[in-house]
Amino acid sequence: MRTGIIGGGVGGMAAAHELAKAGHAVDLFERAPFLGGLASTFDVGGGRLERFYHHLFLSDVTIIDLLDELGLKDRLIWEDSKVGYFTHGRIHPFATAMDLLRFSPVSLVDRIRMGLVTLYIQRIRNWRRLEGATAAGYMRKWAGRRNYEEIWEPLLRGKFGKYAEQIGMPWLWSKFATRLTSRSGVLGREKLGYITGSWQVLIDALEQRIREMGGDVQTGVGVSRIETSDNRVTGLIIARPDGTEERREYDVVIATVPSFLLPRLVDLPDDYRQKVEGIDYEGAIAVIWVLSQSLSPIYWLNIADADIPFLLALEQTNLVPPSVYGGKHILYTADYVTPDDHRWALSDDELIAEYAQHLKKINPAFDLSWVERTHVHREGAAQPIMTTHFSGKIPPNRTPIDGLWLAAMSQIYPQDRGTNYSIRQGQDVARALMREETAGTADTPASE
């Protein structure tokens, strides 16, 4: 079986790896000049750093197993998480149950109520019972008005902007579930993981293994069209950097592009096209600050101050030693951004100037002289908008066109994004299509 894969993020690479292991011919095409998608890296102080922050939870078993398969499990490090919440001009530690009990912006009664609601949500196993509820409505009702206004409303509005009131509760449930399974017991500290040498170690190993097994991986090469005949995939039109195009024949195609992009590549039946076009996405903007000094002792600092124009201040070097980056301290200021946000139109220098003035709010000692370099990374489709009853809105991985499969971020619900789930989906789609192709060539029809 000859397979073409559109997209060289970790999901597309995981699919290519599974197919190549099974002896199938695989060609993978990535329009960018590098592999890895949101997990791709660049050089900072002699070390590799992700363009958008990445870490692992103990529950990320798919990526942990893949690292083991590739002989890289010894590259994993695990550290106690350092989580904080910035509100009313102060950093509040927010990593343990005791931190919640000390969270002074709400009353002791509200803190206890929040703790009980957290324990209850963590024990829900069937997230589908939550599909009709919005996260905002659920937390208003059960956590209470004060907890909602101080904790959940700033986070929902910071992350989803105009969509905040529409987000389904299963999305928030998945966050509780992920963090519970990354703790040593209900009251234990959360553990976060990182790959020594960055995610580039995994990306490089996957590329090497795919090539060793006969697969072809091409960067800087896009796909302008998926060709079909009689409702069956026949090939791809490959667009090269010099402007030339080439047609290649394939039995199967896996598209790992954002859902809404698929109709630009192929004509789809109306009902399926409406599903893929009906899912909204937000983008992401990350400013990376290379600093001579640390901004705070916190790794993951949620920002609840509405005057600060970013949702998160993540200090990478509170998880990974500064020595990895030439002794410098690495800070991400990151936000999810709707398509109509004014920041898309700002130059990198304008964006940095807008953000820099707010770092002093987090640490009054901060001075611009600490800033040695900055990097700005933008991604237009980084977060699907998961509204109520979202499971019924997701397009199936198997499209109505024979031999065409979609593996998009919007299909990993109730999880919303993440390297682990992208890899799992890439593997699952590859295995599903192989089962289908095997059944289709068997003497006895699969339905019998």
Side-chain angles (χ1 to χ4, degrees), residues 7 11 15 59 62 120-142 152 156 159-178 231 253-283 336 338-339 381-418 420-433 435-436 447:
S59 57
T62 301
Y120 175 72
I121 294 173
Q122 288 174 339
R123 280 160 175 74
I124 295 174
R125 294 293 175 261
N126 182 12
W127 56 265
R128 292 183 183 276
R129 59 188 269 203
L130 302 171
E131 282 225 86
T134 64
Y138 190 97
M139 298 310 285
R140 278 195 196 99
K141 178 178 180 179
W142 297 109
W152 301 108
L156 284 167
K159 176 149 187 164
F160 293 107
K162 64 182 182 182
Y163 300 104
E165 292 288 336
Q166 303 173 39
I167 301 305
M169 184 58 195
W171 169 82
L172 187 56
W173 170 88
S174 75
K175 302 303 180 186
F176 281 98
T178 297
N231 201 50
V253 168
I254 303 174
T256 66
V257 299
S259 313
F260 62 86
L261 291 180
L262 189 61
R264 304 181 191 180
L265 299 175
V266 64
D267 294 327
L268 296 165
D270 286 346
D271 55 346
Y272 193 84
R273 177 181 54 78
Q274 289 168 5
K275 279 201 167 187
V276 296
E277 291 180 339
I279 297 174
D280 293 324
Y281 280 73
E282 286 183 300
Y336 291 92
T338 55
Q383 170 70 58
I385 305 301
M386 297 182 168
T387 53
T388 55
H389 300 290
F390 192 77
S391 63
K393 303 173 186 178
I394 300 172
N397 294 116
R398 187 193 188 286
T399 78
I401 297 173
D402 290 341
L404 176 60
W405 295 72
L406 176 66
M409 190 185 301
S410 60
Q411 296 166 301
I412 61 175
Y413 181 76
Q415 290 81 22
D416 63 340
R417 59 193 303 276
N420 183 72
Y421 305 113
S422 294
I423 290 173
R424 185 181 69 187
Q425 178 168 238
Q427 292 175 342
D428 287 347
V429 167
R431 292 164 185 165
L433 73 85
R435 286 194 301 270
E436 183 170 300
S447 59

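Note that these values count all heavy atoms, side chains included, but never hydrogens, waters or copies made by symmetry.
Taking the side chain as every heavy atom from C-beta outward, M169 and I121 approach each other to under 4.5 Å. Put simply, the side chain of I412 does not reach to within 4.5 Å of the side chain of P384, judged on heavy atoms. No side-chain heavy atom of I279 sits less than 4.5 Å from a side-chain heavy atom of F260. With contacts defined as side-chain heavy-atom distances shorter than 4.5 Å, the pair W171/L156 qualifies. The side-chain heavy atoms of M386 and K393, taken from C-beta on, include no pair separated by under 4.5 Å. When side chains are defined from C-beta on, P170 counts as touching E131, because their heavy atoms get closer than 4.5 Å. Q383 places a side-chain heavy atom less than 4.5 Å from the side chain of F160. In this structure, the side chains of R424 and Q415 come closer than 4.5 Å at one or more pairs of heavy atoms.
Judged by distance alone, with hydrogens and angles left aside, the side-chain atoms of K275 form a donor-acceptor pair with the main-chain N or O of G392 at under 3.5 Å.
The six-membered or imidazole ring of W127 lies away from that of Y138, with a centre-to-centre distance of 6.0 Å or more.
The minimum heavy-atom distance between A382 and Y281, with the atom names listed, is N-CD2, 4.5 Å. Closest heavy-atom contact between L404 and T399: O-OG1, 2.8 Å. Closest heavy-atom contact between I254 and A15: CD1-CB, 4.0 Å.
In this structure, CG on L262 lies 5.5 Å from CG on L406, to the nearest 0.5 angstrom.
The aromatic rings of F390 and Y413 are tilted relative to each other, their planes meeting at an angle between 30° and 60°.
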